[in-house]
Amino acid sequence: MRSDEGAAECWVRLALLVVAALVVGPGVAPTHAQVFRLGSWGGALEGVTDLRRTDTRTGEQRARAEAFHSEERLNVRNTGAYLYDPRLLTLSLGGSFGYARDTLETDGETASSDGILLGYDASATVLADQPFSLNLFADRSESIVSRELAGQGEGVSERRGGTLFARRVYIPSSLSFRQELQDEESRIAGAVTRRGARRNVLRYEGQRGWEDSETSLLYEFVDESDRFFPALGFRSHEGQVSYGLDFGEELNRHWDSRMRYHTRTGLSESTTWSADESLRVDHTEALRSSYRYFLLRSDTAGGANTTHSAVASLQHRLYESLTTTAAVDGIRQFLPQGEKDSYGGRLSWGYTKRLPLGGRLTAGLGGGLRYEDNRFDAAETAVSQESHTAATPFALPIALANRFVRAASVVVTKTGAGPLPAGCLLPPGPPTALVAGQDYTLRTTNDVTEIVPIPCAGATPGINAGDTVVVDYRFSVPRSLTLTTATLHGNVAVDYRWIRVFASHEQTGQDLIAGQDSRLLDDQRSDTVGAELRYDGGRARASLLGEARRFASTRVNYESVRASGLANIVILPELTLGLSADGTRAVFSDPERETTSQTARATLTYAVGSTLFVDLSGGLRRLEDSAQPTEELIEARLLARWLFRRVEVAPTFEFLDRQRGGTQTREYRALLKTIRRF
């Protein structure tokens with residue numbers, strides 16, 4: 001056995017020598033001591049102490065949670081290690097060794113957990129400077145966390161994969177594969193929630209540019225599974241091809257071509273493919289025309305949708321003061337229960353003129369006419385995967401794009417999560433199926449259906465500010481309806497740097513040409529006036545904006561006023577004060593409803609080079625809506641970081657008071673992080 005092992009070792013060493021000679025070049029004769037060399041060592045000793053307290057009160061019911069987390073980690077890394085020669089194989093190796101302890105007390109009950117945290121981080125680069133090279137990586141990390149009202153959680157995260165680069169081929173390309181593993185276990189009031197997700201991703205990218213053209217290729221395959229929530233698993237394929245070309249005697253013509261295909265199986269199955277062709281022609285320095293054709297087809301559970309759209313536009317600039325734009329377009333849609341055609345044209349002017357004393361006048365005027373023909377075989381049709389993102393800082397009601405929605409058909413799914421509010425547990429997913437009456441409610445006013453978000457609470461996901469949801473639903477359509485839509489808009493503004501005044505007007509009118517169902521017609525009119533004061537000094541900058549708007553339509557009528565201010569003051573070279581405030585009040589009619597939104601924030605920043613940084617901030621957000629509970633959020637934070645040689649100390653103190661209706665949540669947090677590098 002020893003002789004066989006010795007022979008094998010000799011063959012391996014010989015192979016490495018041959019590869020090194022081919023890669024590095026002749027004249028290289030590594031000695032035994034040069035076979036493997038370590039790089040430079042580095043590391044850090046990190047300590048974290050985190051104390052949180054959360055108090056929740058709903059009427060006479062009270063709940064309290066206190067969480068204490070301490071963690072010490074030793075991170076060691078060696079970078080720049082190589083085998084025979086750095087141009088052959090370079091390595092980076094790191095290890096993490098730690099201990100964590102968590103204590104969670106909820107309403108008098110105490111639970112503790114502790115454990116050893118082990119992790120690693122390794123990467124390798126093979127033939128870095130050659131036409132073909134390979135990057136490999138693998139890492140693993142463990143965590144033990146207390147999550148206020150959401151209980152305690154333990155998690156293990158692993159990643160591994162590699163990327164193959166081909167640089168000197170016809171289209172320089174990269175082919176990568178990575179596998180991500182995530183195991184989580186959360187305990188909430190004795191209940192245990194587990195998630196074990198695995199994601200495999202295969203991705204190809206290629207890109208090349210020539211003197212007057214360029215092309216790029218993309219393919220990605222994703223396979224995600226969860227052994228505890230199989231319904232969340234999915235597979236997807238995505239491919240993209242794009243090509244751009246400059247041509248003509250003076251290269252004054254540019255053509256862009258893009259094609260995309262995407263298919264997904266799982267909780268929400270869909271297939272989408274599109275083709276996008278565009279051409280821009282610069283006839284002269286003052287005259288430009290552009291043309292575009294776009295094809296989109298999507299197949300979902302609600303049926304197949306195909307859309308053809310084409311647009312042509314012409315733009316002319318006169319003396320850099322007057323810009324004239326004319327455009328015509330056509331859209332043809334094939335929907336599950338019928339067809340829809342739309343054709344239109346528009347004409348607009350934009351004018352700019354310098355005024356005495358450094359002022360500037362801008363004005364715009366334009367209008368358009370559109371013809372629309374609807375032909376459906378059924379009294380209703382379906383919409384699939386209509387995407388909406390909840391507003392920030394408050395999750396306001398979300399209006400669906402179509403009227404006359406059948407409420408029983410509405411299905412809402414969360415596909416993206418914003419910042420997680422205090423006292424909430426991150427749900428499995430996304431995608432996450434939401435429940436009516438628990439995560440949201442439906443409200444219909446004047447044939448318009450809105451999704452009214454309910455914020456998260458504990459393990460209930462809800463809809464929070466910044467979340468993205470998709471909605472499937474059915475809505476009523478006329479079997480036959482032909483109409484025209486006329487639009488008119490105008491705006492004017494005078495800007496003298498220190499003051500700006502502006503006004504704008506927009507209106508839309510629809511007329512029935514054929515058909516009998518005029519409920520879908522909608523006339524709109526909007527008028528806005530406002531003024532802004534600005535100051536820009538050597539050590540201070542400030543602005544104050546006031547705006548009033550009146551909006552009237554068949555669906556909704558309201559009047560609103562808004563005021564906002566912003567200031568940034570340099571008190572000392574190291575000390576800066578920032579102030580901001582915004583307030584909006586809107587009064588709706590039919591039905592009567594009033595909404596008031598207020599936000600204010602102050603920030604004081606002290607910085608001395610890169611050695612000391614202190615940030616003190618506080619803010620208030622308040623939303624009053626006669627149709628939903630009042631919501632108020634008060635927050636304050638002190639963040640500091642001090643660097644002394646190789647020692648870093650970073651304390652953080654936070655306070656948050658969130659109240660929505662009869663529920664109030666207060667959170668206190670103190671965190672100290674220390675790092676000793678070596």
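The model shown is predicted, which means the values in this text are computed figures rather than measured ones.
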Quick check: does any side chain N or O of [X] sit under 3.5 Å from a backbone N or O of [Y], one acting as donor and the other as acceptor?
X    : Y    : value
D467 : G418 : yes
S526 : E506 : no
K340 : I331 : no
S626 : E594 : yes
R539 : I571 : yes

Nearest heavy-atom neighbours spanning [X] and [Y]:
X    : Y    : result
S387 : T468 : OG-CG2, 3.8 Å
C456 : P461 : CB-O, 2.9 Å
R660 : P453 : NH2-O, 3.4 Å
F234 : R264 : CD2-NH2, 3.6 Å
L488 : G366 : CD1-O, 3.3 Å
T323 : Q315 : CG2-CG, 3.8 Å

Could you measure the distance from the [atom1] atom of [X] to the [atom2] atom of [Y]? Nearest 0.5 Å is fine.
X    : Y    : atom1 : atom2 : answer
S504 : H489 : OG    : NE2   : 11.0 Å
R637 : D615 : CZ    : CG    : 5.5 Å
T665 : L656 : OG1   : CG    : 8.5 Å
E532 : F502 : CD    : CZ    : 7.5 Å
D657 : E667 : CG    : CD    : 11.0 Å
L566 : R541 : CG    : CZ    : 8.0 Å

Are a donor atom and an acceptor atom from the side chains of [X] and [Y] found within less than 3.5 Å of each other?
X    : Y    : value
Q664 : R57  : yes
D522 : T554 : yes
N374 : E372 : yes
T58  : T663 : yes
T485 : Q510 : yes
R370 : S342 : yes
T362 : T352 : no

I want to check something: taking the side chain as every heavy atom from C-beta on, are [X] and [Y] in contact at a cut-off of under 4.5 Å?
X    : Y    : value
L545 : R562 : yes
Q659 : T630 : no
R346 : T487 : no
Y371 : T482 : yes
L604 : V614 : no
R360 : R354 : yes
T605 : F613 : yes
R622 : I634 : no

Carboxylate-amine/guanidinium contact [X] [Y], below 4.0 Å:
X    : Y    : answer
E635 : R658 : no
R549 : E547 : no
R534 : D536 : no
D55  : R62  : no

| task | Walk me through it: do V492 and V501 pass the test side chain to side chain contact (heavy atoms under 4.5 Å, CB included)? | result | CA-CA 8 Å; V492 61; V501 294; over 6 Å; no

| request: Could you check N402 against E386 for side chain to side chain contact (heavy atoms under 4.5 Å, CB included), going step by step and ending with a plain yes or no? | output: CA-CA 10 Å; N402 298 281; E386 181 179 294; 3.9 Å; yes

| message | For a side chain to side chain contact (heavy atoms under 4.5 Å, CB included) check, start with the C-alpha distance between Y473 and F475, then their side-chain angles and the critical distance, and finish with the verdict. | response | CA-CA 7 Å; Y473 62 91; F475 65 100; 3.8 Å; yes

| task | Give the ring-plane orientation class for F588 versus Y558, where under 30° counts as parallel, over 60° as perpendicular and anything between as tilted. | result |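 F588 vs Y558 ring planes: tilted.
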
| task | Check the angle between the aromatic planes of F655 and Y668 and answer parallel, tilted or perpendicular using the 30° and 60° thresholds. | result |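 Plane angle between 30° and 60°, so tilted.
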
| message | Run the side chain to side chain contact (heavy atoms under 4.5 Å, CB included) test on D329 and R292 for me, step by step, so that the C-alpha distance in whole Å, both residues' side-chain angles and the decisive distance to 0.1 Å come before the verdict. | response | CA-CA 9 Å; D329 68 89; R292 184 188 180 197; over 6 Å; no

| message | If the test is side chain to side chain contact (heavy atoms under 4.5 Å, CB included), which one of L442, V448, T444, V405 qualifies with L400? | response |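 With L400 as partner, side chain to side chain contact (heavy atoms under 4.5 Å, CB included) holds for just one option, V405.
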
| request: Take atom CZ of R669 as the centre, draw a 6.0 Å sphere, and report whether it contains more than 12 heavy atoms from other residues, nucleotides or ligands. | output: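 Counting other residues, nucleotides and ligands, CZ of R669 exceeds 12 neighbours.
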
| query | What residues form a salt bridge (charged side-chain N to carboxylate O under 4.0 Å, His left out) with R525, not counting sequence neighbours? | reply |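 Salt bridge (charged side-chain N to carboxylate O under 4.0 Å, His left out) check on R525 returns D527.
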
